Amino acid sequence: MSRDVEQPEPDAVEEYVEAVLSLVEQIPPGRAMTYGTIAEFLGRGGPRRVGTIMAQYGGGVPWHRVVNASGRLVPGHEAEALRRHRAEGTPMRGRDRDHVDLDAALWFPDEPPATR
DNA sequence: GGAATGACGATAA
DNA sequence: ATTATCGCCATTC
């Protein structure tokens with residue numbers, strides 16, 4: 001057949017954004033997830049994709065509970081994120097307790113992803 | 001289609 | 001612990 005079938009529909013993007021946001025919303029206080037873990041759990045896209053999305057649409061969810069693989073806080077909002085983590089009692093590490101202790105705080109969803 | 005760009009990740013020095 | 005490099009995924013120019 002002719003006719004190519006590859007037209008990146010805006011819906012697919014929106015759906016992915018929703019998937020990321022709804023997952024981040026589920027992260028309990030005092031816990032955290034990494035960009036890579038989120039991407040892995042969703043089974044599509046990559047850490048980079050997740051980061052880009054959080055940067056644009058993460059304003060309505062607990063964005064501070066998303067950290068990079070090193071436990072580093074969100075660039076540009078470190079002070080705010082740090083303040084919130086201290087308020088939530090998130091396990092921190094480092095001399096200044098400015099990194100999330102992923103060994104203790106990494107959270108993983110109990111149920112499988114919403115099979116779309 | 002190639003190059004540049006990111007709230008990333010793993011690894012090497 | 002910090003910096004540099006490369007790989008990855010998708011978007012934008």
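Everything numeric in this text was worked out from a predicted model, so none of it was measured.
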What one should report as the nearest heavy-atom pair of A:Met33 and A:Trp107 is CG-O, 3.2 Å

Atom CD1 of A:Ile27 and atom C1' of B:dA7 are separated, to the nearest Å, by 13 Å

*Within the structure shown, what part of the strands sits under 4.0 Å from A:Gly36 by heavy-atom distance: base, sugar-phosphate, or nothing?*
sugar-phosphate

Rounded to whole Å, the CZ-P distance (A:Arg44 to C:dC8) equals 21 Å

To the nearest angstrom, the CD-C1' distance between A:Glu40 and C:dC8 comes to 13 Å

Sorted by number, residues from residues 47-61 of chain A placing a heavy atom under 4.0 Å from DNA chain C are A:Arg48, A:Arg49

Q.
Is it true that, when you exclude A:Glu40 itself, more than 12 heavy atoms of the residues, nucleotides or ligands shown sit nearer than 6.0 Å to its CD?
A. no

> Quantified in whole Å, what is the C1' atom distance between nucleotide B:dA7 and nucleotide C:dC13?
Replying inline: 22 Å

Rounded to whole Å, the NE2-P distance (A:His99 to B:dA7) equals 17 Å

Atom OH of A:Tyr16 and atom C1' of C:dA10 are separated, to the nearest Å, by 10 Å

For A:Arg93, does the CZ atom have more than 12 heavy-atom neighbours from other residues, nucleotides or ligands under 6.0 Å away?
no

note: A:Arg65, atom CZ; B:dA7, atom C1'; distance rounded to Å ~ 17 Å

Between CZ of A:Arg93 and C1' of C:dA1 the distance, given in whole Å, is 11 Å

Taken to the nearest whole Å, CE/A:Met33 to P/B:dA7 is 20 Å

Check your understanding: Would the number of heavy atoms belonging to other residues, nucleotides or ligands and lying under 6.0 Å from OH of A:Tyr16 be above 12?
Key -> yes

d(A:His99 NE2, A:Leu82 CG) to nearest 0.5 Å is 10.5 Å

| salt_bridge(A:Arg72, A:Glu78) N-O dist < 4.0 Å | yes

